[in-house]
Asker: 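Sharing a structure with you now.
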Amino acid sequence: MNKDTNENWKSDELRAERKERLQAQKSADGGKKQIRKAFNFRKFLIIVLVIAILLGLGYMGLINAGYQETHKVAAIVNGKYEVTPLEINYTLGTSFNQMFRTSAFNLDGKTMLVNPQLDPETKSLRPLRDILIDNFGKSAGQTYAVYDQALAAGYEVGPDEHEAFDRFKQNIERSAAQQQMNPNHLLSLLFGRGASIKSLQPILERHFLAARYQLDTQNAYEFTDADYTAEYEAHPELYDYVSFHAFGFNNASPDRDDSLDEKVDKEQDQPAEDAKDDQAEAETQDQDAETQEKETEAEETEADRNARLNAEALEKAEAMAAASTSLEKFRHEAMAYTLAEDRQLLEDEDATLVSRAKYTEISPAFANWLFDEARKEGDTTVISDNGRHSVLYFVSRQRDDMNTYSSRHILIMDKDESEEAEAEAKKTAEKILADYQAGDKTEDAFAALAKEYSQDPGSKDNGGLYENTQPGLFVKAYEEWCLDPARQEGDVGLVRVDGKANGGYSGYHIIYFKSLGESVWKSQAKLAMARQKFADALEAQADTYSFEAKEDNMKLVLPVDQNALESVKESIQDLAKSVQEKSSEETGDKETAPGAEETSAAVEEEPTSAAETEAPEEETSAQK
């Protein structure tokens, strides 16, 4: 066999082997078999761990972003409305902030939520968190019933609700900018995880819609003269106002300056020599008294000193009240008990005068005395409260028959207190007024200018409108212009406000007078009667309300340390048990003390939930 033949034979052999290998790799149907590899468990485990970590990070991201608060259901209201933890947190967070001036979601707030408080309904101790949630649980059905009625009446979220939400958004953004933080971060600090501009919008707009329906319904109610008379006779203190003078004493009040009193004639006729002797003797006595007083003060404790000064302040107040047999004498006594350098503050005869004070605007102690039916002009008294002793001199009480008024305005404020700023503000205001006078001179034209130029955030967006304003709410210059007896509907004027005089802003108001309204007391009575009528209608449907809490998700509402919460509850139960046992020993009943079962039951109540949300208050106008 030659070389070529040998090489051909080897080539055929290799070709046959290759063909055999390919055939072995084919499946029964002639397709290519899948190549099997050895299983790598270590590599598989690493892949599983990486996927688990990524999923865990994603889940934690959702948790921190508030996914549970915005998507889980904390309660079912009236059988159909699903309420999220975020909605309840917003509502309760708003109320908590109004009550305690802090957030329920910071460390201080969470501590307060766990602390026991006296439940006004059960008259027993319970954690504050449980009380708040329980109260809102009871009112949630009523809140959503109003929303139900609004939908049934054809109401739907529209421009009014969008505008209200925009004002809320602007207030949040302004507050966030002042605190140099992101608006959503500020919302999360106020209302917990998940709170953001986007997540709160549907919640707030729904509640704004219900509020609009309620207000429209109340405004549509009509009442007769007999209704108004009955309301006034039932609650006259709510619709009257009082005027009185007040002067206060505390531990730092000076002694009376007798030099202000008129000199007695016989003192003027006294020989000069005797007068000098008397003066020398008086000075000696004063020095002795001062020395004795210093020695006494050195021996006193702080508590004793405060008690002594407080007693002396009360004695001064009682002496002034006794001497104030007329308004002239009251003013004289006020001057005598005021340091010489401060007397210029009292030179105005109205410096101590409080006028047009409503029952709800003054302290209960003042109100109870001032609104007593037996009170008459010239009556005086001393009222002590928190270390301050006030001498009151009663002037008058009458029904508030002054009219409310409606107006539009454009506010142009001074940039600062300089004369140049005032001149610039005046020039701008006069130009706007000239533009109005050169135009159609209509209310709509004025409203358009207000939207464009006014610097009052409280009324700019609605054309500078303030309706049914009660006298006493706006600055004096503004109010005097509007309530001028010669004022006519459609009048427009320019009014200067001096910040140095009113303790606030300086600037110019371009005012459009719209109309006079009802008397103040009648507008207040109508509002009170309308609210009561609406509330009575809701109360009549109370048996249709329901609130079903989802306990697992309720932990996301006002979240606190659950161990601390349970510990407080146990402490309350131990206290109730101790009181029960002590009461049993005193009565001889070793099993149950009177009322102990009710106390224990109240303490052991489980928290329910609430969904009532109050719309945030709008920012007050610059002129208020």
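Values in this document were obtained by computation on a predicted structure and should not be read as measured data.
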Asker: Could you tell me the separation between the NZ atom of Lys514 and the SG atom of Cys482, rounded to the nearest 0.5 Å?
Answerer: 13.0 Å
Asker: With Ile410, which of Leu433, Ile432, Val492 fulfils side-chain contact (heavy atoms from CB on, under 4.5 Å)?
Answerer: Ile432
Asker: Is any side-chain N of the basic residue among Asp227 and Lys533 closer than 4.0 Å to the acidic one's carboxylate O?
Answerer: no
Asker: So with a 6.0 Å cut-off around NZ of Lys460, is the heavy-atom count from everything else above 12?
Answerer: yes
Asker: Would the Phe249 and Tyr337 ring centres measure less than 6.0 Å apart?
Answerer: yes
Asker: Are Lys526 and Phe223 in a cation-pi setup, meaning NZ or CZ lies under 6.0 angstrom from the ring centre and within 45 degrees of the ring axis?
Answerer: no
Asker: If you draw the axis of the six-membered ring of Tyr241, does the NZ or CZ of Arg356 fall within 45° of it and under 6.0 Å from the ring centre?
Answerer: yes
Asker: Kindly check if the number of other-residue, nucleotide or ligand heavy atoms within 6.0 Å of CZ (Arg496) is above 12?
Answerer: yes
Asker: Relative to each other, are the rings of His409 and His509 parallel, tilted or perpendicular (30° and 60° limits)?
Answerer: tilted
Asker: After noting the C-alpha distance and the side-chain angles of Tyr232 and Asp240, does the key distance pass the side-chain hydrogen bond (donor to acceptor under 3.5 Å, both in side chains) rule?
Answerer: CA-CA 9 Å; Tyr232 177 77; Asp240 289 352; 2.8 Å; yes
Asker: Is it the case that the side chain of Arg397 and the backbone of Leu370 share a donor-acceptor pair, with hydrogens and angles ignored and the cut-off at 3.5 Å?
Answerer: no
Asker: What's the spacing between Leu516 CG and Ser406 OG if we round to 0.5 Å?
Answerer: 8.5 Å
Asker: With a cut-off of 6.0 Å (strictly less than), are more than 12 heavy atoms of other residues, nucleotides or ligands near CD of Gln437?
Answerer: yes
Asker: Which atoms form the tightest heavy-atom contact between Tyr508 and Glu422, and what is the distance?
Answerer: OH-OE2, 3.6 Å
Asker: Taking it one step at a time, do Asp536 and Gln532 satisfy side-chain hydrogen bond (donor to acceptor under 3.5 Å, both in side chains)?
Answerer: CA-CA 6 Å; Asp536 290 343; Gln532 189 59 53; 2.8 Å; yes
Asker: Please check if the number of heavy atoms outside Glu377 that lie under 6.0 Å from its CD is greater than 12.
Answerer: no
Asker: Taking 4.0 angstrom as the limit, do Lys329 and Glu333 come out as a salt bridge?
Answerer: no
Asker: Testing the 3.5 Å rule here: is there a donor-acceptor pair between the side chains of Thr442 and Asp444?
Answerer: no
Asker: Evaluate the ring planes of Phe96 and Phe100, with Trp represented by its six-membered ring, and classify them as parallel (under 30°), tilted (30 to 60°) or perpendicular (over 60°).
Answerer: tilted
Asker: So with a 6.0 Å cut-off around CD of Glu121, is the heavy-atom count from everything else above 12?
Answerer: no
Asker: May I ask you to decide if the ring planes of Phe474 and Tyr405 are parallel, tilted or perpendicular, using 30° and 60° as cut-offs?
Answerer: perpendicular
Asker: Just wondering, more than 12 heavy atoms not from Glu315 lying within 6.0 Å of its CD?
Answerer: no
Asker: Does the plane of the ring in Phe330 sit parallel, tilted or perpendicular to the ring in Tyr393? Use 30° and 60° as the thresholds.
Answerer: tilted
Asker: Checking side-chain hydrogen bond (donor to acceptor under 3.5 Å, both in side chains) for the pair His207/Glu87: CA distance, chi angles, key distance, verdict?
Answerer: CA-CA 10 Å; His207 286 278; Glu87 182 162 354; 2.8 Å; yes
Asker: Assess whether atom CD of Glu341 is packed by more than 12 heavy atoms of other residues, nucleotides or ligands within 6.0 Å.
Answerer: yes
Asker: Aromatic ring centroids of Phe208 and Phe168 under 6.0 Å?
Answerer: no
Asker: Do Glu420 and Lys415 sit within salt-bridge range, that is, some charged N less than 4.0 Å from a carboxylate O?
Answerer: no
Asker: Calculate, to the nearest 0.5 Å, the distance between atoms CG and CD1 belonging to Leu186 and Ile197 respectively.
Answerer: 9.0 Å
Asker: Start with the C-alpha distance between Tyr466 and Asp456, add both sets of side-chain angles, then the distance that settles side-chain hydrogen bond (donor to acceptor under 3.5 Å, both in side chains), and finish with yes or no.
Answerer: CA-CA 11 Å; Tyr466 283 102; Asp456 174 19; 2.9 Å; yes
Asker: Mind checking salt bridge (charged side-chain N to carboxylate O under 4.0 Å, His left out) for Arg388 and listing every partner two or more places apart, or none if nothing turns up?
Answerer: none
